[in-house]
Structures are given as C-alpha cells and as structure tokens.
Amino acid sequence: EDQVTQSPEALRLQEGESSSLNCSYTVSGLRGLFWYRQDPGKGPEFLFTLYSAGEEKEKERLKATLTKKESFLHITAPKPEDSATYLCAVLSGSARQLTFGSGTQLTVLP
Amino acid sequence: EPEVTQTPSHQVTQMGQEVILRCVPISNHLYFYWYRQILGQKVEFLVSFYNNEISEKSEIFDDQFSVERPDGSNFTLKIRSTKLEDSAMYFCASSDSETQYFGPGTRLLVL
C-alpha cells in the first residue's frame, strides 16, 4: 500500500524567511509525485509533477525536488500570499488513483 | 485557462436522501475522478472513470455510490441514500496524462 508522509504538519514563517517542506513516500513503482496548493474551502491547485529522482521544477518562489525516497518543496523569500496548505501526492504502478499526504499548513507572517 | 467546474458549491441534505454532484471536466481530458476530503483529513480517492466505465474504485465507493457521464461534457456522482458520515468536500478531477486537475469542490452536509 502506498504511503505518503508530510512534515512538518504546520509551519509559520516570517515574510522573506526561506524554508523547505518534506514529503516522504513509500510506493511500489513511482509513476509521478505531485505537489498541490490548497486554500481553505477550495480544491487542490496543481503546482508540479516530478517523475524521476534528481528532477527539479521551479515556479516563482517555489522549487520542487525529488529523490528516491522523498521530495522537498523549497520556498524562497515567501510572501503572505503563499500561506496555504501544501499537499503531496503520488501515483504508482498502473493505478490512476492519487494517494495524498496530510499536507503542511504554511503561514507566512508579514 | 481551462478548468474543472463543479455544481453546486454547497449542498445540504437529510440523511437517507439522494444527492447528485455535478462536474464539467476539462474538455479534452479523457480520465475523470472523484475524491473526497472529510474536514481535517486527507484527500481520499473514490473512483476513476475512463471510456465510459469505472476503471478503479476504492473501498469507500460502495453500492451507495455511482458515477455517470450522461453527455459529452458532464460527469456526475450520485449518492443514493446519504449517511451522516458522507458529509465532506467532494472534488472532481480530470486528466489527459498523469497530472490531475481538480475542481473547486462541493461541500456536502448531511443532517
């Protein structure tokens, strides 16, 4: 059974204070690892797809990296509008169902 | 930019009643999904749908649930006899490859 664990559960940063969110996974045959942003009461908003160890993707202040056991979402010089819950999810084998982690609730203080 | 849409945004129903949640997937996508998120919990997979049939379903997706693509644009989730524990956010998603794009959700409250 696929497992996805995210840490920390919650993170408070000052505006401009860079940090990283972690997503550890246990799957049989990773087909893709996904990062989503979720605002309260909204649906997950797609950020990145990573397919293989060593891959990196960037978008504005966010950078996602992937190893064989975990993924990191690096946030550089965050702003208050980056406050949200960041979700990690995996696809494995031939399945099409995403397995989600519990998320990291990020709060960026002005 | 194309997006997944869902209606209604909120639905309140009495236990035992039937509800239908509606979704319009992104137009050129071929795979459709329903997920749910109980308040404070993880997003959970319910069902995937491809080529007019269910391709995968989870243990949650029992006989009370059904999905349908009644026309070329809509994708629906029906819960036949709602239970209190069906209260959750229900998300529709669609994809043309591995990446799934989610709708804004329907908040279902069963009283």
Side-chain angles (χ1 to χ4, degrees), chain A residues 1-10 21 23-52 55 57 59 62 64 66 71 84-105, chain B residues 1-10 21 23-26 29-51 53-61 67 88-109:
Chain A
E1 183 179 327
D2 298 346
Q3 291 192 351
V4 180
T5 303
Q6 292 189 244
S7 62
E9 290 184 11
L21 282 52
C23 171
S24 299
Y25 62 90
T26 304
V27 300
S28 51
L30 181 73
R31 211 165 85 239
L33 184 140
F34 307 85
W35 283 98
Y36 291 88
R37 169 190 171 128
Q38 187 176 32
D39 292 302
K42 307 291 186 183
E45 175 189 345
F46 171 71
L47 294 174
F48 302 108
T49 303
L50 301 167
Y51 292 105
S52 57
E55 190 174 359
K57 294 271 180 75
K59 179 181 176 181
L62 300 177
L66 181 65
S71 176
T85 295
Y86 290 85
L87 302 175
C88 173
V90 297
L91 269 182
S92 69
S94 60
R96 299 208 71 88
Q97 57 178 286
L98 288 172
T99 300
F100 280 85
S102 298
T104 293
Q105 185 175 1
Chain B
E1 183 176 326
E3 58 183 21
V4 177
T5 60
Q6 291 185 242
T7 55
S9 58
H10 294 80
L21 309 183
C23 167
V24 178
I26 295 172
H29 286 182
L30 300 178
Y31 299 90
F32 314 118
Y33 313 85
W34 285 101
Y35 291 80
R36 79 173 186 189
Q37 187 175 31
I38 295 171
L39 188 64
Q41 297 187 22
K42 294 183 182 183
V43 177
E44 302 175 286
F45 170 79
L46 294 178
V47 65
S48 62
F49 192 85
Y50 171 73
N51 200 25
E53 61 182 24
I54 291 173
S55 50
E56 294 167 52
K57 60 182 181 179
S58 70
E59 292 179 353
I60 303 168
F61 195 88
V67 290
M89 282 286 284
Y90 287 81
F91 298 112
C92 175
S94 69
S95 70
D96 61 351
S97 62
E98 276 71 22
T99 299
Q100 297 180 22
Y101 296 88
F102 285 76
T106 293
R107 184 178 297 279
L108 176 65
L109 178 59

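Numbers restart at 1 for each chain; the letters A, B, ... are given by sequence-line order, proteins then strands.
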For this session: Starting at CZ of A:Phe48, measure out to OG1 of B:Thr99 and round the result to the nearest 0.5 Å.
Result: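 With rounding to 0.5 Å, CZ (A:Phe48) is 12.0 Å from OG1 (B:Thr99).
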Exercise. In Å, rounded to the nearest 0.5 Å, how long is the span from CD of B:Glu98 to CG of A:Leu50?
Worked result: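 Interatomic distance, B:Glu98 CD to A:Leu50 CG, rounded to 0.5 Å: 13.0 Å.
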Measure distances from [X] to the heavy atoms of chain A and classify the residue's part below 4.5 Å as side chain, backbone, both or neither.
X: B:Gln37; value: side chain
X: B:Ser97; value: backbone
X: B:Glu56; value: side chain
X: B:Ser95; value: side chain
X: B:Tyr35; value: side chain

Problem set entry | Over all atoms of both residues, closest heavy-atom pair of A:Gly41 and B:Arg107 |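 Heavy atoms only, the tightest pair is CA-NH2, 3.8 Å.
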For this session: List the atom of B:Phe91, the atom of A:Gly43, and the distance in Å for their closest heavy-atom pair.
Result: CE2-CA, 3.3 Å
Exercise. Between A:Phe46 and B:Phe102, does a ring-ring contact (aromatic ring centres under 6.0 Å, His included) hold up when you go through it step by step?
Worked result: CA-CA 8 Å; A:Phe46 171 71; B:Phe102 285 76; 9.9 Å; no
Side chain, backbone, both or neither of [X] within contact of chain B (heavy atoms, under 4.5 Å):
X: A:Glu45; result: neither
X: A:Leu91; result: side chain
X: A:Ala89; result: neither

Exercise. Does NZ in B:Lys57 sit with more than 12 non-hydrogen atoms of other residues, nucleotides or ligands closer than 6.0 Å?
Worked result: no
Exercise. Run the side-chain contact (heavy atoms from CB on, under 4.5 Å) check on A:Leu98 and B:Phe45 step by step: do they pass?
Worked result: CA-CA 7 Å; A:Leu98 288 172; B:Phe45 170 79; over 6 Å; no
Problem set entry | Candidate pair B:Gln41 and A:Phe100, rule side-chain contact (heavy atoms from CB on, under 4.5 Å), full reasoning | CA-CA 10 Å; B:Gln41 297 187 22; A:Phe100 280 85; over 6 Å; no
Exercise. Can the positive tip of A:Arg96 be found less than 6.0 Å from the middle of the six-membered ring of B:Tyr33, inside 45° of the ring normal?
Worked result: no
Problem set entry | B:Lys42 vs A:Ser102 side-chain heavy atoms within contact, under 4.5 Å |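 Yes - at least one pair of side-chain heavy atoms lies under 4.5 Å apart.
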